[in-house]
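What follows is a single structure, written as structure tokens, with notes after it.
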Protein chains: 2
Amino acid sequence: MAASEAPLVLVVEDEPAQREVLGYNLEAEGFRVAKAENGEEALLLVDEESPDLIVLDWMLPSVSGVEVCRRLKSRADTRAVPIIMLSARSEEVDRVRGLETGADDYVVKPYSIVELMARVRAQLRRVRPSSVGETLEFGDIRLDAESHRVYRGDHTLKLGPTEFRLLATFMEKPGRVWSREQLLDRVWGRDIYVDTRTVDVHIGRLRKALCQHGGEDPVRTVRGAGYALG
Amino acid sequence: MAASEAPLVLVVEDEPAQREVLGYNLEAEGFRVAKAENGEEALLLVDEESPDLIVLDWMLPSVSGVEVCRRLKSRADTRAVPIIMLSARSEEVDRVRGLETGADDYVVKPYSIVELMARVRAQLRRVRPSSVGETLEFGDIRLDAESHRVYRGDHTLKLGPTEFRLLATFMEKPGRVWSREQLLDRVWGRDIYVDTRTVDVHIGRLRKALCQHGGEDPVRTVRGAGYALG
DNA sequence: GGGTTTTGCGACGTTTGTGTAACAGTTCAA
DNA sequence: TTGAACTGTTACACAAACGTCGCAAAACCC
């Protein structure tokens, strides 16, 4: 287990671009990051660096992600380190097998960064409860990432998955204006093509959800630019 | 910032042929050129040469382009240097991520040289020594780019998209006189055809917006030349 | 497998912003 | 002082941007 500074996340991914993107986002979230591009390197780094969490690609050259996972989970000293598995949609059939090898969570590509970060925090909280308390607040709105619940005042709000991720994105940086493209990228995921106007519809749904028990509309439309919270 | 001769462009590209082609074309356009073939060299040259603009390949050995970009954009003394990212088509999905790391523009390979040169010129045209921070200030006017908000004194001003961009342009270089053509180019875009008198109308609208809660008119008309702030 | 929820999109109405022309006011030089 | 060039202002037709509704397909959940 790493020292009591920022949690160290080990990213194991053979595709360089994806590795960089993951690293960048994790660092932006305040984590320290170590990177490995194959199974051997990953196993070495686990011994050398003692990461607090591992993000592990399913498909890797030579020693596969599954194998890495299996080995770590059979060692007493590494068994407790949370592992989040990544896999392409076509490999989804192996979901059960992925969890069976001992992975703690499992994310299908293409994934939304917001969602992945939420899962990373959730896993870390399980192991290091103090370091990552994750409830976002803005005005009378409270968002609890772990339980996937949103409160406004005394009421619990009911919102769909996409609305939740939208709101989570907004609440990460209240006031910041997000373009439709940026929202599509963060909330929907990067490899997905949907019309930008779809964002408008979901903004509408989010607004309705946020005001279902009354209160002001906290979502601001910035003409020609995008949307923001507050 | 380099001397007041021709702008210096730093090309960072590991592939020698591409590096030469870029260098050749940039020199043909009248720029001075510095070349680096990896991230370390790039970071060194930035310190030694203070380039006015950087053309940066996304994928580089050891220190990646993303990493170089991130580092430069997190340093106060280099944050204002425009960075144009190059990436292969297969990495295109990471476009938004690329911009999020702080790159000012983004070009996908294979690109047309003409287009790239246009973008280089465009970026250089808007180099702005004064505006390093996220919020621009002039007198009692405050413009926050991230939240797209403009304040004057205690009041929040309401202005349309074009007025916002106009004001942002002015505030990047307070006192500088902009011709109608320059404003059309920066605020409206390079490929748009509109009458130059349209600028006058929008200047009028901006003035009204800036004075909607009283106060002096901060926009100065320079007869025969254009407009300026202060 | 059947019922429910969620999702993306087209369509339509509404709001807001935009470009232009026309005219009024201003400046400057001869 | 006068006229020509330049700028300020207003009105208006038009276009673009946005909000919302309903539907069909997909995903989800027993």
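Fair warning: this is a prediction, and the values are worked out from it, not measured in the lab. Lettering of chains follows the sequences in order, A, B, ..., and the numbering in each one begins at 1.
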Could you give the distance from [atom1] ([X]) to [atom2] ([Y]), rounded to the nearest 0.5 Å?
X	Y	atom1	atom2	answer
M85(B)	I54(B)	CE	CD1	10.5 Å
K173(A)	E146(B)	NZ	CD	4.0 Å
L159(B)	L143(B)	CG	CG	8.0 Å

- NA contact type, F164(B), heavy-atom cut-off 4.0 Å: base, sugar-phosphate, or nothing?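 It contacts nothing in the nucleic acid.
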
(request) Mind checking V219(A) for me? I need base, sugar-phosphate or nothing, with any heavy atom below 4.0 Å counting as a touch. (result) nothing

- prompt: How would you list, by chain and number, every residue that makes a salt bridge (Lys or Arg N to Asp or Glu O under 4.0 Å) with E27(A), sequence neighbours excluded?
  reply: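 Checked E27(A) against salt bridge (Lys or Arg N to Asp or Glu O under 4.0 Å); matches are R70(B).
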
Check your understanding: Side chains of D52(B) and F31(B): closer than 4.5 Å at any heavy-atom pair?
Key ->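 No; the side chains remain at least 4.5 Å from each other.
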
Nucleotide [N], atom [atom2] - distance to [atom1] of [X] in whole Å:
X	N	atom1	atom2	answer
L206(A)	dG8(C)	CG	P	14 Å
R220(A)	dG19(D)	CZ	P	13 Å
K208(B)	dG8(D)	NZ	C1'	12 Å
I203(B)	dG8(D)	CD1	C1'	12 Å
D217(A)	dC18(D)	CG	C1'	13 Å

Sequence neighbours left out, cut at 3.5 Å: what donor-acceptor pairs do the side chains of residues 221-230 of chain A make with other protein atoms?
| from | atom 1 | to | atom 2 | distance (Å) |
| --- | --- | --- | --- | --- |
| T221(A) | OG1 | R207(A) | NH2 | 2.7 |
| Y227(A) | OH | R180(A) | NH2 | 3.2 |

Contacts satisfying side-chain hydrogen bond (donor to acceptor under 3.5 Å, both in side chains) that involve residues 155-164 of chain A (not counting sequence neighbours) are none

Strictly below 4.0 Å: does R207(B) bring a side-chain N or O up to OP1 or OP2 of dT9(D)?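 Indeed not, no polar side-chain atom of R207(B) lies that close.
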
field: T221(B) side-chain N/O to dG8(D) phosphate OP1/OP2 under 4.0 Å
entry: yes

Scoring nucleotides 17-30 of chain C by protein non-hydrogen atoms under 4.0 Å (B base, S sugar-phosphate only, - none) yields SBBB------B---

Self-check item: Residues which pass ring pair (Phe, Tyr, Trp, His ring centres under 6.0 Å) with F138(B), listed by chain and number, not counting sequence neighbours
Solution: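 Partners of F138(B) under the ring pair (Phe, Tyr, Trp, His ring centres under 6.0 Å) test: none.
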
Practice item. Take the C1' atoms of the five end pairs on each side of the helix from dG1(C)-dC30(D) to dA30(C)-dT1(D), derive the two axes, and give their angle rounded to 10 degrees. Key: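 Result, rounded to 10 degrees: 40°.
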
Ignoring hydrogens and geometry, is there a side-chain-to-backbone donor-acceptor pair from E13(A) to E15(A) under 3.5 Å? yes

